[in-house]
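Okay, so here's the structure we're looking at.
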Amino acid sequence: MVFPTITAGYAGVLGLILFVLSFWVIGGRGQYRVLHGDGGKPELNRRIRAHGNFTEYVPMILVMTALIEASGGGPIKIHWLLGPLTLARLIHPFGMVAPEGSVRQYAFRAPGAAVTMIVLASASIMLLARML
């Protein structure tokens, strides 16, 4: 088995995005004076959900992609999975905090979520195909 170098590089970049999202939530907690939950503040709830959404999908996708790379999946496959994922995870929070129904919400949130789902499904299918 080969060390998944490309996936590790993307994991580092995605880890920095998570770092920024984490401090964005912490800043919101300070701004709205909320220690637990969202305190009924919709703006803080959106920050928390953007952070939570990242942590719900990115780790599993990274694990699957590392397995694909370690089992001989070529670099192009890995870049085609993790490049769009990284861009999607960068734009998604901007859509999450946009006003309801705004152009920005649809321009960032929906594509960020859609690309994440496509990458999740693609990585899953690639892994299953490797087993056959």
Side-chain angles (χ1 to χ4, degrees):
M1 191 179 286
V2 176
F3 180 77
T5 308
I6 299 168
T7 302
Y10 279 102
V13 171
L14 289 161
L16 290 174
I17 295 170
L18 179 59
F19 177 81
V20 170
L21 286 173
S22 298
F23 274 91
W24 188 45
V25 171
I26 291 166
R29 289 190 181 287
Q31 179 182 348
Y32 298 110
R33 297 180 183 6
V34 175
L35 295 176
H36 302 288
D38 63 14
K41 306 288 185 186
E43 299 84 4
L44 179 57
N45 178 270
R46 289 173 182 231
R47 289 184 188 198
I48 291 168
R49 284 310 313 142
H51 176 269
N53 188 274
F54 187 100
T55 62
E56 290 162 2
Y57 292 102
V58 172
M60 184 62 170
I61 293 170
L62 283 172
V63 167
M64 290 190 296
T65 308
L67 290 170
I68 293 166
E69 185 177 358
S71 65
I76 291 173
K77 285 182 185 177
I78 305 307
H79 287 296
W80 273 100
L81 289 168
L82 295 181
L85 177 70
T86 302
L87 179 60
R89 295 290 90 201
L90 277 171
I91 66 170
H92 184 262
F94 293 103
M96 288 290 291
V97 297
E100 277 302 317
S102 69
V103 172
R104 195 176 72 181
Q105 183 183 36
Y106 295 111
F108 294 117
R109 184 178 181 188
V115 168
T116 300
M117 292 298 113
I118 291 167
V119 172
L120 176 64
S122 299
S124 298
I125 291 165
M126 286 180 189
L127 273 176
L128 290 171
R130 294 186 98 58
M131 293 176 52
L132 302 176

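Taking CZ of Arg33 as the reference point, atom CG of Leu44 lies at 13.5 Å (rounded to 0.5 Å). Note that CZ of Arg46 is 14.5 Å distant from NZ of Lys41, once rounded to the nearest 0.5 Å. Note that CD1 of Ile17 and NE2 of His51 are 12.5 Å apart. Values are rounded to the nearest 0.5 Å. Summarising the geometry, atom NZ belonging to Lys77 is positioned 13.5 Å from atom CG belonging to Leu82; distances are rounded to the nearest 0.5 Å. A distance of 12.5 Å separates CG in Leu87 from NE2 in His92, rounded to the nearest 0.5 Å. Taking CD1 of Ile76 as the reference point, atom CG of Leu81 lies at 12.0 Å (rounded to 0.5 Å).
Although no hydrogens or angles enter the test, the distance criterion places no donor-acceptor pair under 3.5 Å between the side chain of Glu69 and the main chain of Ile78.
Residues Phe54 and Val20 do not share a hydrophobic cluster, clusters being chains of Ile/Leu/Val/Met/Phe/Trp/Tyr side chains in contact below 4.5 Å. One hydrophobic cluster, built from ILVMFWY side chains closer than 4.5 Å, cannot hold both Ile91 and Leu120; they sit in different ones. Hydrophobic clustering, with ILVMFWY side chains joined whenever heavy atoms are under 4.5 angstrom apart, groups Leu18 together with Tyr10. Put simply, Phe94 and Leu90 are part of two different groups of oily side chains (I, L, V, M, F, W, Y) that touch within less than 4.5 Å, one to the next.
Between Pro99 and Arg104, the shortest heavy-atom distance links the atoms CD-NH2, 4.0 Å. Summarising the geometry of Gly95 relative to Phe108, their closest heavy-atom pair is N-CB, 3.5 Å, with the distance given to 0.1 Å. When every heavy atom of Pro75 is checked against every heavy atom of Ile6, the shortest pair comes out as CB-CD1, 3.4 Å. Between Asp38 and Val34, the shortest heavy-atom contact is C-CG1, 3.8 Å.
Among residues at least two apart or in separate chains, side-chain hydrogen bond (donor to acceptor under 3.5 Å, both in side chains) pairs with a member in residues 107-124 are Arg89-Thr116.
Taking Tyr57 as the reference, nothing meets the ring pair (Phe, Tyr, Trp, His ring centres under 6.0 Å) condition, with sequence neighbours excluded. Take Ala11 and apply the side chain to side chain contact (heavy atoms under 4.5 Å, CB included) test, not counting sequence neighbours, and it matches Leu62. Arg49 meets the salt bridge (charged side-chain N to carboxylate O under 4.0 Å, His left out) test with Glu56; sequence neighbours excluded. Contacts of Leu127 classified as side chain to side chain contact (heavy atoms under 4.5 Å, CB included), with partners at least two apart in sequence or in another chain: Met64, Leu67, Ile68. Looking at residues two or more places apart in sequence or on another chain, you find a ring pair (Phe, Tyr, Trp, His ring centres under 6.0 Å) between Phe23 and Phe19.
Around atom CE of Met60, no more than 12 heavy atoms belonging to other residues, nucleotides or ligands sit under 6.0 Å away.
Under the 4.5 Å side-chain criterion, counting only non-hydrogen atoms from C-beta, Arg47 is not in contact with Leu21. At least one side-chain heavy atom of Leu14 sits less than 4.5 Å from a side-chain heavy atom of Thr86.
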